[in-house]
Chemist: 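Mind having a look at this structure? Questions to follow.
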Amino acid sequence: MLDLNFVRDNLPLVEEKLRQRGMNPAEVLKGFRELDTNRRQAITEAESLQARRNRASEEIAKLKKSGQDASAMTAETKESRDKIQELEKTAAEYETQLRQLLAGIPNLPHDSVPVGKSAEDNVEVRRWGTPPKFDFAPKPHWELGEQLGILDFERAAKLAGARFAVYWDLGAKLERALANFMLDLHTREHGYTEVLPPYLVNSDSMYGTGQLPKFASDLFRVPHGDRELWLIPTAEVPLTNLYRDEIIDGTRLPVSVTAYTPCFRSEAGSYGKDVRGIIRQHQFQKVELVKFSRPEDSYGELEKLTRDAESVLQKLGLHYRVVTLCTSDMGPSSAKTYDIEVWLPGQNLFREISSCSNFEAYQARRANIRYRREGKGKTEFVHTLNGSGLAIGRTWVALVENYQQSDGSVLIPEALQSYLGADRITARKL
RNA sequence: GGAGAGGUGGCCGAGUGGUUGAUGGCACCGGUCUUGAAAACCGGCAUACCCGGAAGGGUAUCGGGGGUUCGAAUCCCUCCCUCUCCGCCA
C-alpha cells in the first residue's frame with residue numbers, strides 16, 4: 001500500500017507510474033480526490049463537535065464537584081452525541097472506501113525498471129555458464145523421471161488429482177538433498193537465519209503481504225470452525241509477517257531469514273498451461289529468502305539477495321540468466337524484480353526458477369513493520385525483500401534435464417553428492 | 001473438549017467512572033560532574049489522523065467490536081489472543 005499523503009501530494013507521478021505498468025490511472029484512481037476531500041471534511045466536522053462536547057463534560061464535572069445542578073448541560077451534550085456518531089459513521093465509510101482504493105494501487109516501479117508492455121520487454125542483465133552439449137536429443141524431465149521410476153503422476157492423480165506428483169526413491173531423496181544443500185549454503189555462507197514457520201496462516205497475514213484481498217482465488221482456503229486459515233503459497237507470507245505490527249531495533253537491520261516450506265497454489269486460471277511435468281503444481285517445495293532492510297540499503301540488499309540465489313545454480317553448475325522484469329511484468333507489490341531463469345535443455349528454453357523483489361515500504365506499510373533508528377525516537381517503515389533460493393521442484397527439473405546421459409541416467413554434480421549419497425541416478429526397478 | 005487467570009506506552013509494571021495519554025522503573029536522547037568511563041543528579045522521550053504557511057491547536061488510541069453514561073483504561077455484552085490446570089492426542 002502506498003502512503004495516503006504521498007499519493008495526494010504526488011498524483012501526477014502516481015499516474016505516470018501506473019501508465020508505465022500498463023494500467024489506466026483514471027480507472028485505478030477513480031474518485032480519489034472526492035473521497036479524500038469528503039473524508040477529511042467529515043472528520044473535521046466530527047472532531048470540532050467532539051471538542052465542544054469534551055469541554056462541556058469538563059464543565060459538568062466542575063459543577064458537580066461544587067454541588068451545583070448541571071442538568072441543562074447534560075441535556076445539551078446528550079443531544080450532540082447522535083450528531084457526532086452520525087458524522088463519525090460517515091467518515092468511517094469514506095475511510096473504508098479510500099483504503100480499498102489505496103490498497104488497489106500497485107507499488108510504483110523504481111526508476112531503474114525498464115518500461116515495457118509485456119514479458120518480451122524484460123531486459124537480460126547477465127548470463128552465467130554455458131548450456132550443456134548433447135550428442136543425442138535431450139529429453140524433458142517428465143519422460144526421464146518416469147523412465148527412471150522416480151516420478152509418478154498416475155498414482156499422484158489417484159491420491160489427489162491433477163497437478164500433483166509422487167516422488168520415489170532417489171527422486172524423493174533429491175528433493176531433500178536440494179533443500180538441505182540450499183539451507184546450509186544460505187545459513188552458513190550468506191548470513192540467513194533458518195526459520196520453520198506455520199504452513200497455515202490467518203487472513204491478516206495474507207493481507208500483510210498482499211495475497212489478499214486480490215488473489216484469493218489462487219489460494220487454498222481451509223475452514224476452521226467459523227473462521228478460516230490459508231495454506232501458504234510461498235514462505236514469503238509467514239516470513240515477512242514475522243515482524244507484522246512490530247518495531248525492529250534499527251541496529252539489527254538488515255534481518256535475513258530463510259525457510260524451507262511446501263507452497264500451495266490453486267493455480268486458478270492457468271488451466272492448460274505447463275500441464276506436463278512438475279513445472280506448475282498445486283504443491284511444491286521451496287527455500288525462500290526474506291530480508292528486512294533500512295530504506296537506504298534495500299537496493300544493495302536486492303543485489304545481494306539475487307546473488308545469493310544465483311550462487312545455488314553456480315554451485316550446481318547450471319546455466320542461467322538474470323532478467324529485470326519490465327514495468328508491465330512485475331507483481332503489483334514489487335518496486336523492482338529480477339527473475340533468475342535456468343536453462344532447461346529438455347524443453348529448449350529458459351525457465352523462471354527464482355524471483356527476487358524489493359517491495360520497498362509497500363508490504364511494510366500494509367503489515368505495519370517498522371524500525372527505530374539509533375538515537376532517534378521516530379519509527380519508519382522498513383523495506384522488505386524476498387526471493388526464492390530456490391524453488392526445489394524446478395531445480396530438480398534443471399538437474400535432471402541438464403545432467404541427463406545418453407543411457408537415460410542422471411549425473412549428480414559434486415556439490416550435491418554427499419547430500420544425496422549418490423553420484424548418479426539410474427533407473428530403479430519397479 | 002472442561003475449569004481458571006490475564007491482555008495497559010520500546011520493555012516491565014501501577015491504575016476500578018471525572019485534567020489519566022495514563023504513577024513508577026528500565027531502555028533511549030541531551031546536560032552537569034569526570035582525564036575517560038561508570039555511578040549519581042537534572043531535563044527530555046508514544047502513535048495515528050484532522051485544521052494550520054508556521055507557531056500551534058484539536059480528535060482518537062489502555063487486545064478488537066458494540067453498549068451504559070453528560071463523561072470509561074476503569075461498568076456491561078461479545079469476539080480474539082496468551083498463560084495455568086485437567087482430559088484427549090502426534
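A, B, ... follow the sequence lines: proteins, then strands. Residue 1 opens every chain. All values below were derived from every heavy atom in this structure, side-chain atoms included, with hydrogens, water molecules and symmetry-related copies excluded.
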Chemist: From the list B:rG58, B:rC49, B:rG18, which nucleotide is the closest neighbour of the side chain of A:Asn5?
Modeler: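 Nearest to the side chain of A:Asn5 among the choices is B:rC49.
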
Chemist: Given the side-chain rings of A:Trp142 and A:Phe153, with only the six-membered ring counted for Trp, is the space between their centroids under 6.0 Å?
Modeler: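 Aromatic pair excluded; centres sit 6.0 Å or further apart.
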
Chemist: According to a strict under-4.0 Å criterion, is A:Gln50 in side-chain N/O contact with OP1 or OP2 of B:rA60?
Modeler: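 Yes.
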
Chemist: Of the candidate nucleotides B:rC51, B:rU59, B:rG18, which contains the atom at the shortest distance from the side chain of A:Ala61?
Modeler: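 Of the options given, the side chain of A:Ala61 lies nearest B:rG18.
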
Chemist: Closest-nucleotide mapping onto RNA chain B: is A:Thr77 or A:Gln85 further toward the 5' terminus? I mean the 5' end.
Modeler: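 Residue closer to the 5' terminus by nearest nucleotide: A:Gln85.
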
Chemist: Should A:Arg21 and A:Asp329 count as an ion pair when the cut-off is N to O under 4.0 Å?
Modeler: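 Result for this pair is no, no salt bridge flagged.
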
Chemist: At under 4.0 Å, does any side-chain N or O of A:Arg39 touch on OP1 or OP2 of B:rC50?
Modeler: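 So the side-chain polar atoms of A:Arg39 do come within 4.0 Å of the phosphate oxygens OP1 or OP2 of B:rC50, strictly under.
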
Chemist: Provide the distance between the two P atoms, one in B:rG15 and one in B:rG63, to the nearest whole Å.
Modeler: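 One P to the other, the span is 15 Å.
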
Chemist: Just the rounded figure in Å: distance from C1' of B:rG10 to CG of A:Asn368.
Modeler: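 Distance, rounded to whole Å: 14 Å.
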
Chemist: When the distance from CG of A:Leu87 to P of B:rG58 is rounded to whole Å, what number comes out?
Modeler: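 Computing the A:Leu87:CG to B:rG58:P distance gives 20 Å.
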
Chemist: Could you work out the separation of B:rC79 and B:rG4 based on their P atoms and round it to a whole Å?
Modeler: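 Rounded to whole Å, the distance is 15 Å.
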
Chemist: Taking only Lys NZ, Arg NE, NH1 and NH2, and the carboxylate oxygens of Asp or Glu, determine whether A:Glu16 and A:Arg19 approach each other closer than 4.0 Å.
Modeler: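 Result for this pair is yes, salt bridge flagged.
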
Chemist: So which heavy atom on A:Met182 is nearest to which on A:Gly389, and how close?
Modeler: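 Between these two residues, the closest heavy atoms are SD-O, 3.4 Å.
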
Chemist: Given the C1' atoms of B:rG67 and B:rA14, what is the spacing between them in whole Å?
Modeler: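 Rounded to whole Å, the distance is 28 Å.
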
Chemist: For A:Glu47 and for A:Ile43, find the nucleotide of RNA chain B with the closest heavy atom, then tell me which residue's nucleotide is more 5'.
Modeler: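 Checking each residue's closest nucleotide, the 5'-ward one belongs to A:Ile43.
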
Chemist: Taking the cut-offs as 6.0 angstrom to the six-membered ring centre and 45 degrees off its axis, would you call A:Arg366 and A:Tyr207 a cation-pi pair?
Modeler: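 A:Arg366 over A:Tyr207 ring: yes.
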
Chemist: Using a distance-only test with no angle check, is there a side-chain donor-acceptor pair under 3.5 angstrom linking A:Tyr419 and A:Asp184?
Modeler: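 Looking only at side-chain atoms, A:Asp184 and A:Tyr419 do form a donor-acceptor pair, the distance falling under 3.5 Å.
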
Chemist: Could you state the CG-C1' distance from A:Asp249 to B:rC29, rounded to the nearest angstrom?
Modeler: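 My rounded result for the distance is 15 Å.
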
Chemist: Map every base of RNA chain B to its dot-bracket character, where paired means a Watson-Crick or G-U wobble contact with both distances under 3.5 Å and | marks a partner outside the strand.
Modeler: ((((((((.[[[..)..(.....]]].(((((.......))))).((((((....)))))).[[[[[..)....]]]]])))))))....

Chemist: Can you tell me the distance, in whole Å, between the CZ atom of A:Arg365 and the P atom of B:rC49?
Modeler: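 It works out to 11 Å between those atoms.
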
Chemist: Looking at every strand, decide which applies to A:Arg99 at a 4.0 Å heavy-atom threshold: base, sugar-phosphate, or nothing.
Modeler: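 Touches nothing.
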
Chemist: With heavy atoms under 4.0 Å as the rule, sort A:Arg52 into base, sugar-phosphate or nothing.
Modeler: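 Counting heavy atoms under 4.0 Å across all strands, no contact is made by A:Arg52.
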
Chemist: Answer with yes or no whether the side chains of A:Gln363 and A:Thr384 bring together a donor and an acceptor at under 3.5 Å.
Modeler: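 A:Thr384 vs A:Gln363: donor-acceptor pair found between side chains.
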
Chemist: Tell me whether the OP1 or OP2 atom of B:rG71 has a side-chain N or O from A:Arg53 closer than 4.0 Å.
Modeler: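 Checking B:rG71 against A:Arg53, a side-chain N or O does come within under 4.0 Å of OP1 or OP2.
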
Chemist: Please determine whether a side-chain nitrogen of the Lys or Arg among A:Asp218 and A:Arg265 lies less than 4.0 Å from a carboxylate oxygen of the Asp or Glu.
Modeler: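 Looking at A:Asp218 and A:Arg265, the cut-off is not met.
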
Chemist: Taking atom C1' in both B:rA60 and B:rU20, what distance in whole Å separates the two?
Modeler: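 The same atom, C1', in both gives a distance of 15 Å.
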
Chemist: Distance between the C1' atoms of B:rG64 and B:rC80, in whole angstroms?
Modeler: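 Between the two C1' atoms, the distance is 7 Å.
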
Chemist: Using a heavy-atom cut-off of under 4.0 Å over every strand shown, decide if A:Ala51 touches base, sugar-phosphate, or nothing.
Modeler: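 Since only primed, P, OP1 and OP2 atoms lie under 4.0 Å of A:Ala51, the category is sugar-phosphate.
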
Chemist: Side chain of A:Asn54 only, please: which of B:rG71, B:rA60, B:rG18 is the nearest?
Modeler: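 When the side chain of A:Asn54 is considered, B:rA60 is the closest of B:rG71, B:rA60, B:rG18.
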
Chemist: What is the distance, to the nearest angstrom, from the CD1 atom on A:Ile84 to the C1' atom on B:rG71?
Modeler: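 Nearest whole value for this atom pair: 12 Å.
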
Chemist: Using whole Å, what does the distance between atom P of nucleotide B:rC49 and atom CG of A:Leu98 come to?
Modeler: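 Value for this atom pair: 12 Å.
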
Chemist: Calculate the interatomic distance between A:Glu246 atom CD and B:rU47 atom P; express it in whole Å.
Modeler: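 That distance rounds to 18 Å.
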
Chemist: Roughly how far apart, to the nearest Å, are B:rU47 and B:rG10 at atom P?
Modeler: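 Nearest-Å result for B:rU47 against B:rG10 at atom P: 8 Å.
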
Chemist: Within the 4.0 Å heavy-atom criterion, would you say A:Ile247 contacts the bases, only the backbone, or no part of the nucleic acid?
Modeler: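 Counting heavy atoms under 4.0 Å across all strands, the contact made by A:Ile247 is with sugar-phosphate only.
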
Chemist: If you measure from the C1' atom in B:rC26 to the same atom in B:rG13, how many Å do you get, rounded?
Modeler: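 Between the two C1' atoms, the distance is 10 Å.
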
Chemist: Between B:rC75 and B:rU16, how far apart are the P atoms? Round to whole Å, please.
Modeler: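 Result for the P pair: 9 Å, nearest Å.
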
Chemist: When the distance from CZ of A:Arg370 to P of B:rU47 is rounded to whole Å, what number comes out?
Modeler: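 So the two atoms are 9 Å apart, to the nearest Å.
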
Chemist: Check whether any side-chain heavy atom of A:Arg351 lies under 4.5 Å from a side-chain heavy atom of A:Asp274, and answer yes or no.
Modeler: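 Side-chain contact under 4.5 Å: yes.
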
